[in-house]
Amino acid sequence: MKQTVIRVPCVIPAVLLLFSSGCGQWQRVGMETAPDPSVVVPRLFDPLTTYRGMGMLVSGDPLPFVASVKFLAGPTADSTFAVFGVYLTNNALTFRRSGDYFEARYRVEATFEQEGRRVGRVAEDQRVRVAEFSDTQRHDESVIFQQVLKLPPGQSSVNVVVRDQRRRESGQAGGDLEVPRYDGGAALSSIVAVYRSLPRRRRADVPQLVVNPRAAMPYQSDTLYLYFEAYGLPRAAQSRGVIRATDQANNEVWRDTLVFDDVGPVAATQVAIAPDELPVGELRFEATLPATGVTASAKALISFSDQWAVGNFEEVLSLLRYFGQDRAIRGMRAAPVAQRARLWREFWEGTDPNPMTSEHEDLDEYFQRLSQANELFREPGTPGWLTDRGEVVVTLGAPDEIYDSSSDVQSREGFRIIRWNYIAERLTVDFVDDTGFGRFRLTPSSRADYQRILNRIRRSE
């Protein structure tokens, strides 16, 4: 197995629809204790940092990719199968027309070493072909490269290089690995996130998997599949076990029973977890066989889409402070952990403008705006999306007209003003910096006008 192209749900920005949570006296939402926004927001818009924190091999620009290595028992105790996978997107590669198609070429090289000696190597040239030019720019069309190789057990290192052969640019990532030894006793393999799998029956059989190298799944888009194997199991009831998922605060959010139907040299199983059974965030899965005491664990990420990465449920609620569903968000924050998956599912379904698609267009547009606000309106000590200008852009979008006298040398010393006009809403708001330190605040009258328009929009949706 070499390369597989995986189509995952497309995320199409749409006009943000704001939903009413009731009117009344205004107060800035999200003032309760919450994760540090100066940390949460950059991580949201930099999923690679999240994957790196999950222990994966990650490369950034100019050619970003995510790679992982998982282990299954090999033919003998001195040989272990390593399932090596690389994830990259179409828009990371350079395409050129080739006949009726657009074609990209890339090369994957991975070197595995132990004590300075090379013990395994991957070196493959690959091609990706798409029918339409628009497909070359897609961030949601995944290219999966994978290979299975045999490695000797022991402390190892790996270095991965992916090269775009059209523009001669590359990405690189490396790290240390502990290749396990499966010596015939009771043991579990790595937990491998997959798109498809065929169970093995013998250790000599080469694993037949299509891996999910990032162990990621957009919420409500598809089923999360986890494949793993058990070795040296006793018979009958003792072939059962437990698999559970915990969030970053170590709260259990999901649990199921493991059953290995064919207990022999290799007992394989695949766990299928429906999209609405897990909360959003980074999760840790742990499989346990009580009769033997063996365990295995792995991390996975459930997020809004392939574009965004949130670490835990509290981060989600903190980021949604401008979304316009204050009552539902307060309810989720106060709910016991066991109820959060259900409440999030109800929130998702109740605010999804197009249930026929797997993505949530409003949330995607909301985070697009939040990202832009965070970049454009940073102020001393305050992330851009939490400033007054950031709040207005996230909720109303970009203004139609801008008058900026903040750099006007004729402006009164220590007093600067920025005026935004929203023509369709017949709204003008003024942001004033009366300290000279670059902190622009809505004037009281502008705050009242803005809140009046926002409430009107939310009532009409």
Side-chain angles (χ1 to χ4, degrees), residues 35 39-40 43-44 46-58 66-72 83 85 87 175-178 180 187-195 197 209 211-230 241-258 269-290 292-304 306 308-318 332 335-342 344-345:
V39 175
V40 171
R43 181 167 61 240
L44 173 73
D46 182 16
L48 295 180
T49 298
T50 298
Y51 295 128
R52 188 176 290 111
M54 292 168 63
M56 298 176 187
L57 304 169
V58 177
V66 178
S68 64
V69 185
K70 299 295 184 177
F71 301 105
L72 306 173
V83 183
Y87 168 96
D176 294 328
L177 302 171
E178 179 64 38
L188 287 173
S189 71
S190 297
I191 298 177
V192 189
V194 298
Y195 294 107
S197 66
L209 311 172
V211 298
N212 177 351
R214 301 174 305 153
M217 192 64 65
Y219 183 78
Q220 286 273 19
S221 70
D222 205 350
T223 299
L224 178 66
Y225 295 102
L226 302 176
Y227 174 89
F228 53 102
E229 299 174 344
V242 173
I243 183 169
R244 59 194 291 264
T246 54
D247 61 18
Q248 287 188 322
N250 204 34
N251 299 306
E252 183 176 295
V253 297
W254 177 86
R255 171 184 288 260
D256 201 359
T257 300
L258 292 175
T269 189
Q270 178 177 276
V271 177
I273 309 173
D276 58 358
E277 290 187 48
L278 299 173
V280 173
E282 179 184 319
L283 304 176
R284 181 178 184 269
F285 289 86
E286 182 179 70
T288 305
L289 301 180
T292 62
V294 298
T295 63
S297 65
K299 292 182 178 180
L301 180 67
I302 311 299
S303 196
F304 301 109
D306 282 339
W308 321 120
V310 292
N312 57 59
F313 199 73
E314 291 297 334
E315 291 184 4
V316 176
L317 302 183
S318 176
M332 287 188 285
V337 172
Q339 298 180 18
R340 284 183 168 181
R342 175 183 60 81
W344 177 257
R345 181 172 63 253

Problem set entry | Non-hydrogen side-chain atoms of Pro213 and Met56 separated by less than 4.5 Å | no
Problem set entry | Sub-4.5 Å side-chain heavy-atom contact between Phe228 and Ile243 | yes
Exercise. At their closest point, which heavy atom of Leu289 faces which heavy atom of Gly241, and how far apart are they?
Worked result: CD2-CA, 3.8 Å
Problem set entry | Validation row: Val242, Arg255 side chains within 4.5 angstrom (heavy atoms) | yes
For this session: Check whether any side-chain heavy atom of Leu283 sits under 4.5 Å from a side-chain heavy atom of Asp247, and report yes or no.
Result: yes
Seminar exercise, completed: Taken in chain and number order and not counting sequence neighbours, the residues that satisfy side-chain hydrogen bond (donor to acceptor under 3.5 Å, both in side chains) with Gln270 are Ser197
Exercise. Are Leu224 and Glu277 side-chain neighbours, meaning at least one heavy-atom pair lies under 4.5 Å?
Worked result: no
Seminar exercise, completed: Of all heavy-atom pairs linking Leu188 and Ala230, the shortest is CD2-CB, 3.7 Å
Exercise. Can you tell me how far CE of Met332 sits from CD of Gln339, rounded to the nearest 0.5 angstrom?
Worked result: 12.5 Å
For this session: To the nearest 0.5 angstrom, please state how far the OG atom of Ser190 sits from the CG atom of Leu226.
Result: 12.0 Å
For this session: Nearest 0.5 Å please: distance from the CZ atom of Arg345 over to the CG atom of Leu278.
Result: 11.0 Å
For this session: Would you mind reporting whether Tyr227 and Val83 have side-chain heavy atoms less than 4.5 Å apart?
Result: no
Exercise. By side-chain hydrogen bond (donor to acceptor under 3.5 Å, both in side chains), which residues pair with Arg52, not counting sequence neighbours?
Worked result: none
For this session: Using the test side-chain hydrogen bond (donor to acceptor under 3.5 Å, both in side chains), find all partners of Thr223 that sit at least two apart in sequence or belong to another chain.
Result: none
For this session: Please name the residue in the list Leu48, Val66, Val58 that meets the side chain to side chain contact (heavy atoms under 4.5 Å, CB included) test with Arg214.
Result: Val66
Exercise. Step by step, would you call Val211 with Lys70 a side-chain contact (heavy atoms from CB on, under 4.5 Å)?
Worked result: CA-CA 10 Å; Val211 298; Lys70 299 295 184 177; over 6 Å; no
Exercise. Where the side chain of Ser189 meets the backbone of Glu229, is there a donor-acceptor pair that is under 3.5 Å apart?
Worked result: yes
For this session: Quick one: do Asn212 and Met217 satisfy side-chain contact (heavy atoms from CB on, under 4.5 Å)? Show the steps, please.
Result: CA-CA 9 Å; Asn212 177 351; Met217 192 64 65; 4.1 Å; yes
Problem set entry | Flag side-chain contact, heavy atom, 4.5 Å: Glu286 against Thr246 | no
Problem set entry | Euclidean distance, Leu209 CG relative to Tyr195 OH, rounded to 0.5 Å | 13.5 Å
